[in-house]
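Please read all numbers here as calculations on a predicted model, not as lab measurements. Read the numbers this way: they start at 1 and go in the same order the structure lists the ligands and their atoms. The residues of the chain are indexed from 1 along the displayed sequence.
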Amino acid sequence: MTNYKTILQDPVFDLIAQTAQELDQKTFVVGGFVRDVLLKRPSKDIDIVTLGKGIDFARLVAQKLGDNVGVTEYKNFGTALIKYGDYQIEFVGARKESYRRNSRNPIVEEGSLKDDQDRRDFTINSMAFSLNSADFGSLIDPHGGILSIEYKEIKTILDPGKTYSDDPLRMMRAIRFASQLNFTIESDSYQAISKNASRIEIVSKERIIDELNKIILTKTPSRGLNMLHETGILGIIFPEMVALSGVEVINGKAHKDNFLHTLQVLDNISENTDDLWLRWSAILHDIAKPPTKRFDHKTGWTFHGHEDLGAKMVPEIFRKLKLPLDQKMKYVQKMVRLHLRPIALVKETVTDSAIRRLLFEGGDDVDDLMILCQADITTQNKDKQKRYADNFKKVKKKLKEVEEKDHLKSWQPPVTGQMIMEAFNLEPCKEVGLIKNTIREAILEGEITNNHEEAFKLMISEGRKLGLNPVDEALK
Ligand code: CTP
């Protein structure tokens, strides 16, 4: 039998083994850590199962590790956590579990290692390494986890219907592992997910979004999202995305399937960024296409204003999915609102003023906007591809040149509202806003340079046009 001693070289495993011997308690590393090291994926979360009290075991390990190592105890669950260097080590007594129909919370009793392995979700997650002196490093794999790794297959230990009905989060975990590891889901299991999809409703939104985000962060997220869609889970957890799917034909004119297009954009962007929020921007960039879709007998299908309506839909979608409602949401909103802007430039001739406007509105996020724009080009037409790619380079070059000259990314008005009020001896009023707008427009159009002197001069002349008199001080 293969021995995996070499994988368990870190001294912390010896120390746990010593503790096991002292307490005469059989002890094992189980679950995700075993799976990951066998797949050669780095892993810092270690789960230890001991045949006895997990918390007492953890206390003794912490003592051995030194004074400043603390134990966080979760008495209700009988588990304890030690943070040691980069490692998070969780200790638990071996358990047996059974589930009730309307809850994910199982009834728990003491059990053997086998009981503990039996209650786990997938074969790849049920393997253990022994930490006992007689067979330190040997693999205990009663459910064929190693074979599943070899076949690249996600397979449940028990009957899949029971596994998913007991704990419906496992349906998303199956799809998530298949996406992360590039495995397939065994076919009975896949069918059981489709059958039990509606049970996802008993899972908390926080757990769901955690899994969804992990799927979005995989190398080719379309794989996982397609599985979520096909099994019916996506329609329950994120119906706005499913509404993008399908093609309508009127008078022989079809529009593209916006679900497939969105997945393509997401895969494209994932080649250039691991940022979750930029990936979310790709998912949501066309989200308002279904509610803005119209058929015009002259021009065909249109989706006028989908970028603005899409930006308006973002907060509600974030709220429902329990995504953060902070700057990250604002960032995604901005990306959705502006996503057509660079594309318009790429398709047409590029003027300096259009570039200035893009820098002004995009600010520090303009580079991310360009990444989204590039990902959004999914045409199969080779001529168009070449034309867009050439123009794209031009836009990027121009953005750089204009930014170096005009510094519009972090634009601050060269004449503030306060300065305008002082110059004309005004209280806050609409004229202040009008003058500010005129100055901003003149800078963006290139009529004046982005500096205080020119802006001040324009302020005086604009004020006069509005019938305002500058104070003497302002004219010096
Ligand atoms: N587990 C399970 N059913 C769940 C969640 C977890 O059976 N719904 C089991 C699996 O054996 C898993 C172990 O508990 O390996 C630890 O779970 P967790 O730390 O959540 O996941 P990992 O499998 O370690 O994967 P990751 O760290 O990537 O989430």
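Within the cation-pi definition used here (under 6.0 Å to the ring centroid, within 45° of the axis), K289 qualifies as a partner of F303.
Taking only nitrogen or oxygen atoms, main chain and side chain alike, R35 reaches within less than 3.5 Å of ligand 1.
Using a 4.0 Å cutoff on heavy atoms, F33 does not count as a contact of ligand 1.
For atom 10 (C) of ligand 1, the nearest non-hydrogen atom from the set D36, D116, D121 belongs to D121. Comparing R120, R173, R176 by heavy-atom distance to atom 1 (N) of ligand 1, the nearest is R173.
Side-chain contact check for R120 and N125: no donor-acceptor pair (N or O, by modelled atom type) lies under 3.5 Å.
In summary, the atoms of ligand 1 found under 4.0 Å from a heavy atom of K214, numbered by their order in the structure, are 29 (O). For ligand 1 and D47, the ligand atoms under 4.0 Å from any heavy atom of the residue are 16 (C).
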With side chain to side chain contact (heavy atoms under 4.5 Å, CB included) as the test, would you mind laying out the steps for V49 and T27 before giving the verdict? CA-CA 6 Å; V49 164; T27 301; over 6 Å; no
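A donor-acceptor pair under 3.5 Å is absent between the side-chain atoms of D116 and the main chain of L113, judged by distance alone.
Here Y4 pairs with F129 under the ring-ring contact (aromatic ring centres under 6.0 Å, His included) rule; sequence neighbours left out. Among residues two or more places apart in sequence or in another chain, the salt bridge (Lys or Arg N to Asp or Glu O under 4.0 Å) test is passed with D367 by K409.
Heavy atoms from both the backbone and the side chain of N125 come within less than 4.0 Å of ligand 1.
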